[in-house]
2 protein chains.
Amino acid sequence: MNTLTRRQREFLQREQLFLDAARQILRSDGVAAFTIDRIAGNTEYAKGTVYKHFTCKEDILCALCHESLVHLGEAFSKALTFPGNSRERMMALGTAYLQFTTRFPEEFDILIAVRTNNVRQKASEKRVEAMIAADQGAHDVMRSVIGAAIAAGDLTLPTTTSLDEACFGLWAMAFGLLALAPANDVIDSLELPSIPIIMVNQMNLLLDGYGWRPLSTEFDYQQTFARLLKHMETLQ
Amino acid sequence: MNTLTRRQREFLQREQLFLDAARQILRSDGVAAFTIDRIAGNTEYAKGTVYKHFTCKEDILCALCHESLVHLGEAFSKALTFPGNSRERMMALGTAYLQFTTRFPEEFDILIAVRTNNVRQKASEKRVEAMIAADQGAHDVMRSVIGAAIAAGDLTLPTTTSLDEACFGLWAMAFGLLALAPANDVIDSLELPSIPIIMVNQMNLLLDGYGWRPLSTEFDYQQTFARLLKHMETLQ
DNA sequence: ACCTGAACACCGTTCAAGT
DNA sequence: ACCTGAACACCGTTCAAGT
């Protein structure tokens, strides 16, 4: 089954060591403290050795994002243990995303930064592709929920809208809300409720736009959200 | 009227010089070439002089974003010369945003990067606040369109949704689509139409969710979009 | 009072030398 | 064959010296 040599296994193990160290530095001391020196120091390897694994710093960022996206995909899958109708299950994904970004703000920060052309151009093609694949993995979970809704008859997409497009639209809305949220938190000139409430409200409106039944006018999704938060705690 | 001394005016003029140089470097050579050295060199000032204006590099980024957001706000205002119903005018804003990001991808890149906590913490409070104010300026244009729609009876927001929240939701959707778009362009595994088409479709669905009349089922917004693109050309 | 640019600190990246 | 870390290049930031 295991076709890798010991050498190869050890190499992969060390790579994981570097990535774990990198993530830990990021979480505890932020992006500013995120240097190759620290990664090497914390793992007791030389700087040069880090470059045996990654072509450049941006490559490490992409590798971290790859893992973060895998984690997010797993969180999505876990969130689907929540019992409910198809639309409540979509809300479960939104809640998992919200929770991920609030629990790991630094990781969400690099998920944002990695959208930049600058980062994507510097990183190796290999890493960027792996990252995109992990992104797809999380998308797939979302796609399955949309597919189930269609199968259950809760959702009928307009003929002009493919399942992939609906998935992308929902993802973009969630990403946009979460990426713009912190900045708007600060502004008191705006009459805005807390981010979770905005998220629920806006998701409801968008899903109403899709005609995803039961509509928000026919069902109490605020209560679903409250139940979701409780359910998520039990998962952790 | 002019309460500034010559000194102060010259100082502001030089600041503008630096910002113009910075923007030009960004547009022509990208984020990677964006260094204090080049800004100083291109303007024939010393590096130290740049620091008389900006506390750090991130401060310059925020100043650039400030300007970009002002430009975007102006583009929004111009877009409102488009004649049409209230919802078509909201589409005009979306089209202006789309056009801005495609015309100036590097500037949109820093608008994304500036969302990161890292940048906001390093930049001076003054710049960040000015940037947020410019953001509000663009929001205000959008708010006026939503307000007009309500006044015209085309839109009735749910009691749970404030005008500010609706504005934020629309903004987030547009930002999310445009920020995530380039990455998804690459993937052929997804069945996605071009970004403009996605944008129109998703905006239609969201606005349908708001119940903004005429609904996309009652009106040909594809045709509106085509007309919008032509109208925008005449503005330039 | 203001500008300068040499000097400094830091960090990403490389590669000759060592094991 | 692989790891090391000194050395290099680059760049953001500061500040003593100059005008």
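Lettering follows sequence order; numbering is per chain, from 1. Only this structure's heavy atoms are used, side chains among them; waters, hydrogens and symmetry mates stay out.
Rounded to whole angstrom, the span from the NZ atom of B/Lys52 across to the C1' atom of C/dT4 amounts to 9 Å. The distance from atom CZ of A/Arg38 to atom P of C/dC11 is 10 Å, rounded to the nearest whole Å. Per the geometry, CZ belonging to A/Phe11 stands 13 Å off C1' belonging to D/dA1, to the nearest Å. Straight-line distance from the CG atom of A/Asp37 to the C1' atom of C/dG12: 9 Å, rounded to whole Å. Rounded to whole Å, the distance from CD on B/Glu44 to C1' on C/dG5 is 15 Å. Residue A/Tyr51 contributes atom OH, which lies 15 Å from atom C1' of D/dT4 at whole-angstrom precision. Atom-to-atom, NZ of A/Lys122 to C1' of C/dC11 comes out at 13 Å; the value is rounded to the nearest Å. Across the protein-nucleic acid pair, B/Ile39 atom CD1 and C/dC3 atom P stand 17 Å apart, rounded to whole Å.
Distances from the side chain of A/Ile36 to the nucleotides D/dC3, C/dT13, D/dT13 place C/dT13 closest. Out of D/dC3, D/dT13, C/dG12, the shortest distance to the side chain of B/Lys47 is found at D/dT13. In the set C/dT4, C/dT13, D/dG5, the nucleotide with an atom closest to the side chain of A/Ala46 is D/dG5. Of the candidates D/dT4, C/dT13, D/dT13, the closest approach to any side-chain atom of A/Thr49 belongs to D/dT4. Closest to the side chain of B/Tyr45, out of C/dT4, D/dT14, C/dT13, is C/dT4. Distances from the side chain of B/Arg7 to the nucleotides D/dT13, D/dT4, C/dC2 place C/dC2 closest.
Here A/Met142 contributes atom CE and A/Gln136 contributes atom CD; the two are 11.5 Å apart, rounded to the nearest 0.5 Å.
Remark: A/Lys57 is in phosphate contact with C/dG12, judged by side-chain N or O atoms under 4.0 Å from OP1 or OP2.
Under the Watson-Crick or G-U wobble criterion, with both distances below 3.5 Å, D/dT4 is paired with C/dA16. Under the Watson-Crick or G-U wobble criterion, with both distances below 3.5 Å, D/dC11 is left unpaired in every strand shown.
A/His139 places a side-chain N or O within donor-acceptor distance of the main-chain N or O of A/Asp135, the cut-off being under 3.5 Å.
Within the 4.0 angstrom heavy-atom criterion, only backbone atoms of the sugar-phosphate kind lie near A/Arg14; the bases stay farther away. Within 4.0 Å of B/Thr35, counting heavy atoms only, lie sugar-phosphate atoms of the nucleic acid but no base atom. A/Phe34 comes within 4.0 angstrom of the backbone, heavy atoms only, and of no base.
Ring geometry for B/His53 versus B/Phe11: interplanar angle under 30°, hence parallel rather than tilted (30 to 60°).
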(request) Might you work through the ring-ring contact (aromatic ring centres under 6.0 Å, His included) test for B/Phe100 and B/Phe104, ending with a clear yes or no? (result) CA-CA 6 Å; B/Phe100 179 85; B/Phe104 310 112; 5.6 Å; yes

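Aromatic rings from B/Phe18 and B/Tyr45 are positioned such that their centres are separated by under 6.0 Å.
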